[in-house]
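The figures here come from the full heavy-atom set of this structure, side chains too, leaving out hydrogens, waters and symmetry mates.
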Amino acid sequence: MFAYYLQLGLRSLRRNPILTALMVAGIALGIAASMTTLTVLHLMGSNPIPWKSDKLHYVQLDNWSGDQPYYDDGRPPDQVTYQDAVALMKAARADKQAAMFKLSLPVQPDNKDLKPFQALARVTYADFFAMFEPRFRYGAPWNRDQDESHARVVVLGDAINEKLFGGQDSTGKNVRLDGIDYTVVGVLEKWNLRSRYYDLTNGAFADPDEFFMPFTTAIDLKQRSSGNNSCWKSSGDGWDAYLASDCVWIQMWVQLDSPARLAEYKSFLDSYVSEQKKLGRFPRPLNNRLLDVTGWMKDQKVVSRDMEVQTGLAFAFLAVCLVNTIGLLLAKFTRKSGEIGLRRALGASRRDVFTQFLVESGVVGLTGGVLGLMLTGLGLLAVRALYTEYKTVASLDWAMVATTILLAIAAALLAGLYPTWRACRVQPAAQLKV
């Protein structure tokens, strides 16, 4: 029976091509506007590492001035000092831990056809790779012994390996960075991160890190962070004074594999800060935090308020499109009162008439959904062109494709409910003449 109603619906739509085109276009435009913004919103806030996001925790310690909090709402600084990061790393109380910061260094290629260029590095510890799980194409990460020995080694990202070595296995080869040779120990596969969640302090959608090097090596060579740096009092003169200062410029992550381990580490942090207070540091009340990945993303407002407002406006536009569709369907079904009266006189029930016209509305929705899906793709292309920082989240995945089609059909069925109900109320006697 459904196939019969579908055939009737298609035949009815072909008889009024202009009206049909207006309804399909209205649905498509509304769906495209709402799904373009919803897709970006969805991918912005999606869990980047769902299988272990509850085990990875961002460390925050409140070492800020006693006269004024870092944030007006009392939240602690987004980063930690060098001396605190090193102390936590040496304590090794977590299952895994990695202090890190952003660094920009000049690359001097051996290939004379390539000019020197700047590249972004992630300065970190060996545990970083086990914690955040980027995949390796060649080689492996450096180990903890190399952290301890301040080894001059690097892990290359896929793009820079392609640029320097044509994508070949470059493990064991040297890369010259800022005039110093480093040995390549591993090369990553392309790491498609929607957001660079492990370093939100330098921008959730900032350019990806191009290579990785040991934290201890960078400090040994006195490489200053290229990322955010905040101080509430003078850091003093010279490198050693800077390292001993209360300036915050290092991100600190720990992996805690159970709730019990989380509680233990929180207790350890409280004890550590209490000991530092005895040394005259940490003038503010105890305010340590350990946020998991999704909690840290919410805290840093990865999903911007502007994007939420834009999504709301887009769905409001979809509602306007549905109101117009309701009017067009009502006009279409009212014209068919004679046909409806004849069907009712020949024995068709109200349920039969309701099903027939609801199927016709569904066909409009499906057609509008397919067209809306194509327009959504164009909309996301426009977002990537206009807002390059959103390029990693302006793309359709299968979940969003399915949502687009289902939303279009549901919207059309919703729009068709009232006109279909009105069509069912047609009385055969009022439409038939003897």
Side-chain angles (χ1 to χ4, degrees), residues 48-49 56 58-61 70 77-86 88-89 97-107 116-129 131-134 141-142 147 150 152-161 163 175 177-180 182 186 188 190-231 235 239 242-243 245-254 291 293 296-297 299-302 388-389 391-392:
I49 186 167
L56 298 175
Y58 192 77
V59 178
Q60 290 178 275
L61 308 175
Y70 187 82
D78 299 332
Q79 302 179 103
V80 299
T81 68
Y82 170 80
Q83 57 182 317
D84 292 324
V86 169
L88 297 182
M89 289 299 302
Q97 52 267 314
M100 64 186 79
F101 62 90
K102 175 184 174 182
L103 182 63
S104 179
L105 286 178
V107 181
F117 59 92
Q118 288 289 126
L120 293 175
R122 175 67 25 187
V123 173
T124 186
Y125 283 82
D127 278 357
F128 173 92
F129 301 98
M131 292 171 67
F132 299 102
E133 302 184 4
W142 64 84
D147 278 329
H150 304 194
R152 295 184 181 183
V153 295
V154 291
V155 167
L156 299 182
D158 175 76
I160 197 170
N161 185 64
K163 187 172 185 177
V175 175
L177 305 169
D178 198 21
I180 298 173
Y182 295 80
L188 298 182
K190 189 174 182 180
W191 198 8
N192 294 315
L193 286 175
R194 289 171 181 167
S195 65
R196 198 173 62 176
Y197 63 97
Y198 56 80
D199 183 11
L200 299 179
T201 61
N202 288 297
F205 307 104
D207 291 335
D209 299 308
E210 296 174 272
F211 65 95
F212 302 78
M213 65 188 300
F215 185 100
T216 52
T217 303
I219 296 299
D220 192 41
L221 297 173
K222 300 182 179 180
Q223 298 287 359
R224 282 186 178 253
S225 168
S226 302
N228 291 335
N229 181 89
S230 300
C231 305
S235 62
W239 177 249
Y242 178 61
L243 295 184
S245 73
D246 275 311
C247 296
V248 294
W249 50 284
I250 294 173
Q251 303 95 50
M252 182 75 195
W253 283 90
V254 294
L291 295 179
V293 172
W296 180 233
M297 292 176 68
D299 181 85
Q300 294 294 292
K301 297 179 174 58
V302 171
T388 54
E389 67 271 26
K391 60 186 177 184
T392 58

Is there side-chain contact between P214 and V153, with heavy atoms separated by less than 4.5 Å? yes

Tell me if a side-chain donor or acceptor on Q83 pairs with a main-chain N or O of L243 at a distance below 3.5 Å. no

Would a 4.5 Å heavy-atom cut-off, applied to side chains only, mark F128 and W253 as touching? no

Among L105, I180, T216, find the residue that satisfies the side chain to side chain contact (heavy atoms under 4.5 Å, CB included) test when tested with L221. I180

With the side chain counted from C-beta on, respond yes when L103 and M213 share a heavy-atom pair under 4.5 Å apart, and no when they do not. yes

Let's go through W239 and I219 carefully: what are the C-alpha distance in whole Å and the side-chain angles of both, what is the deciding distance for side-chain contact (heavy atoms from CB on, under 4.5 Å) to 0.1 Å, and is it a yes or a no? CA-CA 10 Å; W239 177 249; I219 296 299; 4.2 Å; yes

Report yes or no: does E210 contribute a side-chain atom to a donor-acceptor pair with the main-chain N or O of G157 at less than 3.5 Å? no

How many angstroms lie between atom OH of Y58 and atom CG of D78, to the nearest 0.5 angstrom? 6.0 Å

Test side-chain contact (heavy atoms from CB on, under 4.5 Å) on D178 and Q223 and set out the steps. CA-CA 10 Å; D178 198 21; Q223 298 287 359; 3.4 Å; yes

Within the distance-only criterion (no hydrogens, no angle test), does the side chain of S195 pair as donor or acceptor with the backbone N or O of F205 below 3.5 angstrom? no

Ring centers of F211, Y182 separated by less than 6.0 Å: no

Please lay out, stage by stage, how W249 and S230 fare under the test side-chain contact (heavy atoms from CB on, under 4.5 Å). CA-CA 7 Å; W249 50 284; S230 300; over 6 Å; no

Exercise: identify the closest heavy-atom pair between I160 and A119: CD1-CB, 4.0 Å

Could you tell me the separation between the CD atom of Q251 and the CE atom of M100, rounded to the nearest 0.5 Å? 6.5 Å

Without swapping roles, check the side chain of T124 against the backbone of A99 for a donor-acceptor pair under 3.5 Å. yes

Hey, which of W191, Y198, Y125, F212 is the one that makes ring pair (Phe, Tyr, Trp, His ring centres under 6.0 Å) with F132? Y198

Kindly state whether the ring of Y197 and the ring of W296 have centres lying under 6.0 angstrom apart. no

Only one of S226, C231, S225 forms a side chain to side chain contact (heavy atoms under 4.5 Å, CB included) with N229, so which one is it? C231

Are the side chains of W142 and V155 in contact, using a 4.5 Å heavy-atom criterion? yes

Are Q79 and I250 packed together at the side-chain level, in the sense that at least one heavy-atom pair is separated by less than 4.5 angstrom? no

Quick check against the 3.5 Å criterion: does D147 have a side-chain atom that pairs as donor or acceptor with the backbone of A126? yes

What is the minimum heavy-atom distance between P77 and L61, and which atoms define it? CD-O, 3.5 Å

Could you tell me if the side chain of V107 sits less than 4.5 Å from the side chain of K163, heavy atoms only? no

Among pairs that include at least one residue of residues 214-230, which meet salt bridge (charged side-chain N to carboxylate O under 4.0 Å, His left out), considering only residues two or more places apart or in two chains? none

To the nearest 0.5 Å, how far apart are OG in S104 and CG in D209? 11.0 Å

If you define the side chain from C-beta out and look only at heavy atoms, does anything of D199 sit under 4.5 Å from K102? yes

Any side-chain heavy-atom pair of M252 and L88 under 4.5 Å: yes

